[in-house]
There are 2 protein chains.
Amino acid sequence: MAKYEEAIETLRKKGHRLTPQRLLVLSIVAEGDAHMGVDDVFTRAKAAYPYMDIATVYRTLHLYKDLGVVTEVAIGDRLHYELTDPSGRHHHMVCRMCNGAFNLGPHYLEEFRRTLISDFSFEPDLEHFTITGVCSDCQPASGKA
Amino acid sequence: MAKYEEAIETLRKKGHRLTPQRLLVLSIVAEGDAHMGVDDVFTRAKAAYPYMDIATVYRTLHLYKDLGVVTEVAIGDRLHYELTDPSGRHHHMVCRMCNGAFNLGPHYLEEFRRTLISDFSFEPDLEHFTITGVCSDCQPASGKA
DNA sequence: TGCGTAATTGCAAATGGTTGCAACAACGGC
DNA sequence: GCCGTTGTTGCAACCATTTGCAATTACGCA
Ligand SMILES: [Mn+2]
Ligand SMILES: [Mn+2]
Ligand SMILES: [Zn+2]
Ligand SMILES: [Zn+2]
């Protein structure tokens, strides 16, 4: 697991402590399906280590997000996390009807970023970006309802 | 107040009841500064009508948002609302450092929308869109800190 | 104008998420 | 290996927002 080892190295380099809780959360996110909900992470972590507290899960995921180790995706009204893969950077399109999450290549937003910078000197946060909408499967077949 | 009257007409047309609470919330958002926080709305509403409940404010703002009567803007970690002005449609850039909100013309996103539709048949929700980032005033002058 | 019905409200309890704090433990230095 | 410092944890209290529910009220119709 190259990304997993890199993440640990990032932690160490920035002076954060390698606690069993942090390593556990990291391994769960690394092994899990893409886009794990906080509650999934917590449930699995608690199974492995019963003292695990939900606050620790939140704090750990936030730390990993700040470090760029995980990527946060808002799916429906809940936050989900996936291990960041620098070689596979992508944004997300999330369907408001089926909650499906689809990846979106970073180049789709590069022009938008350049325009905001040149027109407004506004530097958008586009390390990771999620746009909601309706996916092709959920597009209304015909009229209203 | 043309937009205010239009909003009432929208409510009526869709079969929603014109309660004093709804009219009060609407007038507060209509008169207030742009981008009012939920708590501002609640405080003013309660001053005018002491039985007003925070749950009613939330429910009313959500209804107005669904109807397109108000526009929701995430500023920092709180939701804010402004009366939707169809002739002045705009998106928002919100500065993560100073929480300043800047308007962004709709045309900045039109090409992005067309691309998502043609490449993925994904219809993005771009009635209203907020991008966070760092505004020109808050851009770091030089190095780290 | 008065009724019936269904939408809406106020309240209280629940939810997802955050935070203050005292106990604990990682890790650099001895 | 042990110690002290300081970052981190578990817990409980807290916060903003949502939800269930019984009481209330808007509004179409007689
Ligand atoms: Mn993904
Ligand atoms: Mn605005
Ligand atoms: Zn879908
Ligand atoms: Zn700023």
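Protein chains get the first letters and strands the later ones, always in sequence-line order, with residue 1 at the start of each. Quick note: numbers below take in every heavy atom, side chains included, and nothing from hydrogens, waters or symmetry partners.
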Between the protein and nucleotides 13-15 of chain C, list the N/O to N/O atom pairs that are separated by less than 3.5 angstrom.
none

Identify the pairs formed between an N or O of the protein and an N or O of nucleotides 28-30 of chain D at a distance under 3.5 Å, and give each distance.
none

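Residues Cys95(B) and Cys135(B) share a closest heavy-atom pair of SG-N, 3.4 Å.
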- Message: Quick one, Leu11(B) with Leu63(B), criterion side-chain contact (heavy atoms from CB on, under 4.5 Å). Give me CA distance, side-chain angles, the key distance, then yes/no.
- Response: CA-CA 9 Å; Leu11(B) 265 192; Leu63(B) 172 66; 4.0 Å; yes
- Stepwise, does the side-chain contact (heavy atoms from CB on, under 4.5 Å) test hold for Leu104(B) with Phe120(A)? CA-CA 10 Å; Leu104(B) 181 70; Phe120(A) 303 102; 3.4 Å; yes
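Using a 30° and 60° split on the angle between ring planes, His91(B) and His128(B) fall in the tilted class, from 30° to 60°. Note on ring orientation: taking the six-membered ring where Trp is involved, the planes of Phe112(A) and Phe112(B) are parallel (angle under 30°, cut-offs 30° and 60°).
Side-chain contact between Tyr49(A) and Pro20(A) is absent, with no heavy-atom pair separated by less than 4.5 Å. The closest side-chain heavy-atom distance from Leu61(A) to Leu79(A) is not below 4.5 Å. Looking only at side-chain heavy atoms (C-beta outward), His92(A) and Glu82(A) come within less than 4.5 Å of each other. You'll find the side chain of Leu83(B) reaches within 4.5 Å of the side chain of Leu26(B), heavy atoms only. Taking 4.5 Å as the limit, some side-chain heavy atom of Val38(B) sits within range of a side-chain heavy atom of Ile54(B).
Other members of the cluster containing Met97(A) are Val134(A), with ILVMFWY side chains joined at under 4.5 Å, either directly or via other members. Ile117(B) belongs to no multi-residue hydrophobic cluster, having no ILVMFWY side-chain contact under 4.5 Å with any other such residue.
Comparing the start and finish of the helix from dT1(C)-dA30(D) to dC30(C)-dG1(D), five pairs each, the helix axis swings through 30°, to the nearest 10 degrees.
Note that OG1 of Thr132(B) is 6.5 Å distant from CZ of Phe122(A), once rounded to the nearest 0.5 Å. Of the inter-residue distances, the one linking Leu109(A) atom CG with Ile131(B) atom CD1 reads 7.5 Å to the nearest 0.5 angstrom.
Annotation: proximity of residues 49-68 of chain A to DNA chain C (heavy atom, distance under 4.0 Å) is found for Ala55(A), Tyr58(A), Arg59(A), His62(A), numbered in ascending order. Of the residues in residues 19-26 of chain A, those with a non-hydrogen atom less than 4.0 angstrom from any atom of DNA chain C are Pro20(A). Contacts with DNA chain D (heavy atom under 4.0 Å) in residues 36-48 of chain B: none are found.
For Leu18(A) and dG7(D), the CG to C1' distance is 12 Å, given to the nearest whole Å. Lys14(B) has its NZ atom 13 Å from the P atom of dT8(C), to the nearest Å. The separation between Leu79(A) atom CG and dG16(C) atom C1' is 10 Å, rounded to whole Å.
Phosphate contact (OP1/OP2 of dG7(D), side-chain N/O of His16(A), threshold under 4.0 Å): absent.
Residue pairs meeting the side-chain hydrogen bond (donor to acceptor under 3.5 Å, both in side chains) criterion with at least one member in residues 104-122 of chain A, sequence neighbours excluded: Tyr108(A)-Asp119(B), Arg113(A)-Glu123(A), Asp119(A)-Tyr108(B). Within the structure, every pair that satisfies the side-chain hydrogen bond (donor to acceptor under 3.5 Å, both in side chains) test and touches residues 53-74 of chain A, not counting sequence neighbours, is listed here: Lys65(A)-Glu72(A), Thr71(A)-Thr84(A), Glu72(A)-Tyr81(A).
Remark: Arg96(B) engages Asp125(A) in a salt bridge (charged side-chain N to carboxylate O under 4.0 Å, His left out) (not counting sequence neighbours). Remark: Arg78(A) engages no residue in a salt bridge (charged side-chain N to carboxylate O under 4.0 Å, His left out) (not counting sequence neighbours).
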